[in-house]
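The figures that follow rest on heavy atoms only: side chains count, while hydrogens, waters and symmetry mates do not.
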Amino acid sequence: MLASRPRPVRPSAAVFLDRDGVINRSPVRNGKPYAPRRLEEFRLLPGVARATLRLRQAGFLIVVVTNQPDIGNGRVAAATVAAMHQKLRQRLAPDAIEMCPHAQGDGCACRKPRPGLLNRAARRFGIDFARSFLVGDRWSDVV
């Protein structure tokens with residue numbers, strides 16, 4: 001009997017979702033939306049759980065990509081953001097949450113619109129960018 005050849009693994013398709021303003025409500029301060037700074041402020045937007053489930057059923061990996069400069073700026077504790085992400089995992093079960101904790105001026109490679117967060121997930125899951133999508137609430141998210 002001849003051994004069968006392994007099938008080539010098809011790269012995965014993913015939907016990259018920005019967190020604040022796409023998945024959860026952004027508290028408004030002085031007329032401007034911000035990332036929640038307290039766990040009590042972290043609330044999913046209506047329909048997000050259902051939409052995420054439908055994307056998963058359509059064969060997409062779900063990857064949350066989020067800039068959280070308030071950690072680097074000392075405005076929110078990393079443990080608070082971790083608790084928010086735990087809540088997010090319980091409600092949506094994303095395949096990954098990729099986060100940039102750096103302040104805006106740090107010059108890191110992971111802060112959107114730089115591709116570091118997306119590249120990290122692509123390496124981990126074999127994601128094909130040509131078959132994938134990014135959903136953001138600001139033009140800078142999708143640049």
Test item: [X] and [Y] side chains (from C-beta on) under 4.5 Å apart, heavy atoms:
{"X": "P36", "Y": "M84", "value": "yes"}
{"X": "I97", "Y": "V63", "value": "no"}
{"X": "L39", "Y": "K87", "value": "yes"}

What closest approach, in Å, do [X] and [Y] show between heavy atoms, and which atom pair accounts for it?
{"X": "S12", "Y": "S132", "answer": "O-OG, 4.2 Å"}
{"X": "G136", "Y": "D18", "answer": "CA-CB, 3.9 Å"}
{"X": "F125", "Y": "D95", "answer": "CZ-O, 3.5 Å"}

In terms of ring plane angle, is the pair F129 and F16 parallel, tilted or perpendicular, where the classes change at 30° and 60°?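 The arrangement is tilted - the two ring planes meet at 30° to 60°.
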Salt bridge or not between [X] and [Y]? Use side-chain N to carboxylate O under 4.0 Å.
{"X": "R29", "Y": "E41", "value": "yes"}
{"X": "D106", "Y": "R111", "value": "no"}
{"X": "E98", "Y": "R19", "value": "no"}
{"X": "R25", "Y": "D20", "value": "no"}

Starting from V81, walk the hydrophobic network (Ile, Leu, Val, Met, Phe, Trp, Tyr; side-chain heavy atoms closer than 4.5 Å) and list everyone else you reach, by chain and number.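 For the cluster that includes V81, the remaining residues are I71, V76, M99.
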Run the side-chain contact (heavy atoms from CB on, under 4.5 Å) test on L92 and L53 for me, step by step, so that the C-alpha distance in whole Å, both residues' side-chain angles and the decisive distance to 0.1 Å come before the verdict. CA-CA 8 Å; L92 301 183; L53 176 62; over 6 Å; no
With V65 as reference, evaluate L17, V22, L118 under the side-chain contact (heavy atoms from CB on, under 4.5 Å) test and give the passing residue.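 When side-chain contact (heavy atoms from CB on, under 4.5 Å) is applied between V65 and each of L17, V22, L118, only L118 qualifies.
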Which of these, T66, L45, V64, sits in a side-chain contact (heavy atoms from CB on, under 4.5 Å) with I23?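 Result: among T66, L45, V64, V64 is the only option passing the side-chain contact (heavy atoms from CB on, under 4.5 Å) with I23.
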Within a radius of less than 6.0 Å around CZ of R89, do more than 12 heavy atoms belonging to other residues, nucleotides or ligands occur?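 Above 12, so yes.
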Does CZ belonging to R50 count more than 12 external heavy atoms closer than 6.0 Å?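 Open.
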